[in-house]
Engineer: 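Pasting a structure below so you can have a look.
Index from 1, following the sequence. We count ligands from 1, going down the list as the structure has it; atoms in each ligand are counted the same way. This structure is a prediction, so every number in the text was calculated from the model and none was measured.
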Amino acid sequence: MTAEPLLSVENLQTQFFTEEGTVRAVDGISFEVNEGEIVGLVGESGAGKSVATSSIMRLVESPGQIVGGTVTYKGKKIVDIETGPDGEPRQSDEMLTNEEMREQIRGKEIAIIFQDPMEALNPVFKVGAQLREFIEINRDVDRKEARRIAVDMLREVGIPEPEKRYDSYPHQFSGGMRQRVLIAMALACEPSLIIADEPTTALDVTVEGQIIDLVHDLEARYDTSFVWVTHDLGVVAEICDRVNVMYLGEIIESAHVDDLFYDTKHPYTEALLQSIPRPDQTVEELDPIVGVMPEAINPPSGCRFHTRCPDARTVCREVHPSQRDESDAGDPVHQVACLKYESVGYEDAQPLETEATAAFGGGIVEATDATDAQGDEA
Ligand SMILES: Nc1ncnc2c1ncn2[C@@H]1O[C@H](COP(=O)(O)OP(=O)(O)OP(=O)(O)O)[C@@H](O)[C@H]1O
Ligand code: NI
């Protein structure tokens with residue numbers, strides 16, 4: 001790819017300063033979005049997907065703070081954090097001001113669709129009026145023209161009889177219809193990039209399929225790029241061109257969607273794939289990922305996945321893996337952060353007993369036994 005990426009995220013770090021400690025919610029992630037591309041951000045609940053997207057939009061609220069990294073959009077620095085003379089993070093001179101973010105970027109250039117449409121739509125105002133007002137504020141048009149655009153947008157996203165439905169209240173719409181309204185709102189200012197944070201999670205599979213078809217359609221027609229946040233690899237397969245897999249604040253694998261599925265490199269991605277239904281598997285063959293994701297306040301040492309990894313060895317507890325491109329020559333970049341691919345002695349290290357290996361070896365293991373087993377491994 002020779003063209004500059006539309007969006008470039010470099011070493012982004014966002015933390016929450018809570019009474020219990022510092023939550024390293026997003027801990028140095030980097031990825032790019034090219035024009036017309038749908039890029040997935042996947043991972044279990046708590047991986048940091050939403051914090052990553054709200055950081056890109058600069059919508060992180062206290063006690064959260066972006067403490068490092070750069071986000072460049074069309075050459076503009078949406079985020080640009082440097083270290084000040086006092087050692088504390090501070091905004092660089094190049095970083096857009098809050099006003100510039102509001103006036104130039106949010107809605108117009110980058111729009112966001114949230115998981116719960118009821119949160120984004122005001123229940124006491126009619127759907128059409130909300131859409132119209134949004135268009136009036138963000139585009140330089142009068143009320144009449146804004147209304148016309150709003151009706152057009154509702155039609156565009158597949159709302160039947162848009163003139164009539166214009167005067168409905170949000171609760172008179174189904175979940176799928178409300179999500180379509182949010183997509184209409186996101187599209188209203190013809191942004192170059194739409195960030196969709198689990199927009200289909202609350203919907204049933206049929207409606208989800210319709211929304212995905214709609215997004216494909218819109219992508220083709222408007223050449224809009226998407227960052228698509230989900231915990232569902234089935235959706236990723238349907239919709240994404242490239243995928244970033246997140247675990248505990250980090251991106252641990254990043255690849256073209258086909259390579260992610262058919263040339264999986266990270267054990268966590270492998271585990272995620274095992275936990276979704278595939279045509280060649282029966283439901284009984286599905287393996288949920290063992291254990292729960294540890295707290296982001298105190299992430300495990302070394303590789304953060306080592307406590308749940310079936311392939312973990314002693315070295316995984318000690319060394320933090322770095323991202324490396326493991327693609328074959330000529331193939332698209334395929335980055336993975338796993339010690340198996342580094343020369344740090346993984347081959348010669350002893351296997352670690354983890355939640356995953358203990359469960360495989362000894363059937364159901366009580367939590368206390370698992371702790372003992374971890375304590376006395378060599
Ligand atoms: N306001 C907050 N205060 C403290 N911690 C927070 C806050 N918001 C998020 N976090 C923490 O940041 C981490 C990442 O959360 P985030 O919401 O980004 O996860 P996610 O990947 O979007 O999960 P989900 O799939 O459930 O939406 C979690 O450990 C979460 O507890
Ligand atoms: Ni989220």
Engineer: For a side-chain contact (heavy atoms from CB on, under 4.5 Å) check, start with the C-alpha distance between Ile239 and His216, then their side-chain angles and the critical distance, and finish with the verdict.
Structural biologist: CA-CA 7 Å; Ile239 206 164; His216 273 306; 4.1 Å; yes
Engineer: Under the 3.5 angstrom rule, does the side chain of Tyr341 hit a backbone N or O of Lys265 as a donor-acceptor pair?
Structural biologist: yes
Engineer: Please list, chain by chain and in numerical order, all residues satisfying side-chain hydrogen bond (donor to acceptor under 3.5 Å, both in side chains) with Ser254, sequence neighbours excluded.
Structural biologist: Asn244
Engineer: Around ligand 1, what residues show up once you keep those with a heavy atom under 4.0 Å from it?
Structural biologist: Phe16, Thr18, Val23, Ala25, Glu44, Ser45, Gly46, Ala47, Gly48, Lys49, Ser50, Val51, Glu198, Ala296
Engineer: For atom CG of Asp142, decide whether the heavy atoms of other residues, nucleotides or ligands shown that lie under 6.0 angstrom number more than 12.
Structural biologist: yes
Engineer: Decide whether Ile195 and Val181 are clustered together by the hydrophobic rule: side chain heavy atoms of Ile, Leu, Val, Met, Phe, Trp, Tyr closer than 4.5 Å, transitively.
Structural biologist: no
Engineer: Only pairs at least two apart or in different chains count here, so list each salt bridge (Lys or Arg N to Asp or Glu O under 4.0 Å) that has a residue in residues 222-239.
Structural biologist: none
Engineer: Applying the side chain to side chain contact (heavy atoms under 4.5 Å, CB included) test to Trp228, which of Val39, Leu41, Val215 qualifies?
Structural biologist: Val215
Engineer: Under 2.8 Å from the Ni ion (ligand 2), which protein atoms of type N, O or S occur, listed by chain and number?
Structural biologist: Ser50 OG
Engineer: Do Thr224 side-chain atoms and Leu193 backbone N/O form a donor-acceptor pair below 3.5 Å?
Structural biologist: no
Engineer: Within the distance-only criterion (no hydrogens, no angle test), does the side chain of Arg304 pair as donor or acceptor with the backbone N or O of Pro299 below 3.5 angstrom?
Structural biologist: no
